[in-house]
Asker: 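Let me give you the structure first, and then I'll get to my questions.
Please read all numbers here as calculations on a predicted model, not as lab measurements. Residue indices begin at 1 and follow the sequence shown.
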Amino acid sequence: MQKILVSRCLLGQRVRYDGGAHGPFTLLERWQQEGRIVPLCPEVAGGLPTPRAPAEIAGGQGAQVLDGHLPVLTVDGEDVTAAFVEGAEQALALVAQHGIRLALLKARSPSCGNLEAYDGTFSGVRVPGEGVTAALLRRAGVQVFSEEQLEQALLALAELEASEGTSAGV
Ligand code: SF4
C-alpha cells in the first residue's frame, strides 16, 4: 500500500506558525483509517517552536534555499534557513523509509507550498513558487499536491496503485 506524506497542520494538528491548524478533510480521514498517512511538520521537525514568527523566502523559490543562494527569513529578520533545510531533509528521510511517491502538503507555506509562495515582503503577495520541503521532495521524484488538489492527489494515488496492482479504493 502506498504511503503518503501529509503536512501535520492539514490533519488538525496545531503546528502552524500562529498555533492554528486546518481541516478536517474527509479524504485525509479516510487515508488515516487506511493507515496510509506519514505525518510531518517540517518546521517543527527542524526545531522551530509553535507558535513562531512567520517566515518567507524572497521570490518564493525553495530550491534556491536548498542550493544555498537565499535564506529563509522571519518577519523579524531572523535567519531560519537551517531549521527549514533540516525539516526538508527529515521529509526526504521519511520518503526513503516508507517508499513514498506522493505528498499532500499545505498550499503556500514556505516549507510545504507546492505551486505558489509568498514573495518575501510579508505583504500577502503570492508568486509562482514552492517551499523548501516541497522543492526537495520534487527533486526526489515525489509528486507533491496541496489541500486544494485533493482530486488530483486521489487520481495520482489510484494510478500509482494500479501500476503496482494494488487498490486505492476509487
Ligand atoms: Fe508545518 Fe508545513 Fe503545516 Fe507549516 S504548512 S505548519 S511547515 S506542516
Side-chain angles (χ1 to χ4, degrees), residues 4-23 25 27-28 37-95 100-157:
I4 302 162
L5 189 77
V6 177
S7 293
R8 281 180 56 195
C9 62
L10 295 179
L11 301 169
Q13 299 180 22
R14 302 178 69 85
V15 290
R16 270 179 54 106
Y17 73 92
D18 59 2
H22 304 277
F25 297 94
L27 177 62
L28 297 188
I37 289 183
V38 176
L40 179 73
C41 173
E43 291 171 25
V44 170
L48 295 174
T50 304
R52 54 191 172 275
E56 295 188 4
I57 304 160
Q61 307 299 323
Q64 291 191 296
V65 177
L66 291 174
D67 292 339
H69 298 318
L70 280 177
V72 185
L73 298 176
T74 71
V75 68
D76 307 315
E78 183 187 354
D79 187 332
V80 286
T81 306
F84 273 65
V85 171
E86 168 62 25
E89 288 174 350
Q90 290 200 29
L92 196 60
L94 287 172
V95 160
I100 288 172
R101 299 170 67 190
L102 201 66
L104 193 97
L105 305 182
K106 176 71 187 76
R108 290 178 289 280
S109 152
S111 288
C112 294
N114 68 328
L115 293 175
E116 276 188 319
Y118 293 105
D119 71 348
T121 61
F122 296 93
S123 55
V125 176
R126 299 176 184 181
V127 292
E130 61 189 345
V132 178
T133 291
L136 189 58
L137 294 184
R138 180 177 55 78
R139 282 184 174 176
V142 176
Q143 297 182 65
V144 182
F145 298 92
S146 79
E147 78 282 8
E148 297 173 355
Q149 300 172 296
L150 293 176
E151 282 299 318
Q152 291 105 304
L154 190 57
L155 280 173
L157 176 62

Asker: According to the side chain to side chain donor-acceptor pair (under 3.5 Å) rule, which pairs have a member within residues 70-80, sequence neighbours left out?
Answerer: Asp79-Thr81
Asker: Just by modelled atom types, is the Ser146 backbone N or O under 3.5 Å from a matching donor or acceptor in the Gln149 side chain?
Answerer: yes
Asker: State, with a plain yes or no, whether a side-chain heavy atom of Val80 is found less than 4.5 Å away from one of Leu73.
Answerer: no
Asker: Kindly give the heavy-atom pair with the smallest separation between Leu92 and Ala140, and that separation in Å.
Answerer: CD1-CB, 3.5 Å
Asker: Which atom pair, heavy atoms only, marks the closest approach of Asp18 to Pro51?
Answerer: C-CB, 4.2 Å
Asker: Rounded to the nearest 0.5 Å, how far apart are CG of Leu5 and CZ of Arg101?
Answerer: 15.0 Å
Asker: With side chains defined as the heavy atoms from C-beta onward, is the minimum distance between Val6 and Pro39 less than 4.5 Å?
Answerer: no
Asker: Yes or no on side-chain contact (heavy atoms from CB on, under 4.5 Å) for Leu94 and Gln90, after CA distance, side-chain angles and deciding distance?
Answerer: CA-CA 6 Å; Leu94 287 172; Gln90 290 200 29; 5.8 Å; no
Asker: Say you draw a straight line from OG of Ser109 to CD of Glu56; how long is it, rounded to the nearest 0.5 Å?
Answerer: 10.5 Å
Asker: Check the pair Leu102 / Phe145 against side-chain contact (heavy atoms from CB on, under 4.5 Å), numbers first and verdict last.
Answerer: CA-CA 8 Å; Leu102 201 66; Phe145 298 92; 3.3 Å; yes
Asker: Any idea which heavy atoms bring Val15 and Cys9 closest together, and the distance?
Answerer: CG2-N, 3.7 Å
Asker: Roughly how far, to the nearest 0.5 Å, is NZ of Lys106 from CD of Glu147?
Answerer: 4.0 Å
Asker: For a side-chain contact (heavy atoms from CB on, under 4.5 Å) check, start with the C-alpha distance between Asn114 and Arg138, then their side-chain angles and the critical distance, and finish with the verdict.
Answerer: CA-CA 9 Å; Asn114 68 328; Arg138 180 177 55 78; over 6 Å; no
Asker: Treating Arg14 as the side-chain partner and Gly19 as the backbone partner, does any N or O pair qualify as donor plus acceptor under 3.5 Å?
Answerer: yes
Asker: Can you tell me how far the CG atom of Leu137 sits from the CG atom of Leu105, to the nearest 0.5 Å?
Answerer: 6.5 Å
Asker: Under the rule for salt bridge (Lys or Arg N to Asp or Glu O under 4.0 Å), what residues qualify as partners of Arg52, not counting sequence neighbours?
Answerer: Glu43
Asker: Hey, does the side chain of Glu130 reach the backbone of Gly113 with a donor-acceptor pair shorter than 3.5 angstrom?
Answerer: no
Asker: Quick one: are Cys112 and Pro42 in side-chain contact, heavy atoms under 4.5 Å?
Answerer: yes
Asker: How far apart are the C-alpha atoms of Leu104 and Phe25, what are their side-chain angles, what is the distance that settles it, and do they pass the side-chain contact (heavy atoms from CB on, under 4.5 Å) test?
Answerer: CA-CA 12 Å; Leu104 193 97; Phe25 297 94; over 6 Å; no
Asker: Does Pro110 reach the side chain of Tyr118, with side-chain heavy atoms less than 4.5 Å apart?
Answerer: no
Asker: In Å and rounded to the nearest 0.5 Å, what is the CD1 to CG distance from Ile57 to Leu70?
Answerer: 8.0 Å
Asker: Ignoring hydrogens, what is the shortest heavy-atom contact between Ala88 and Leu136? Give both atom names and the distance.
Answerer: O-CD2, 3.4 Å
Asker: Do Arg16 and His22 have side-chain heavy atoms sitting under 4.5 Å apart?
Answerer: yes
Asker: Supply the atom-to-atom distance Gln61 CD to Asp67 CG, rounded to the nearest 0.5 angstrom.
Answerer: 11.0 Å
Asker: Is the closest side-chain heavy-atom distance between Pro54 and Val75 below 4.5 Å?
Answerer: yes
Asker: If every non-hydrogen atom of Ala103 is compared with every non-hydrogen atom of Val142, which pair is closest and at what distance?
Answerer: N-CG1, 3.8 Å
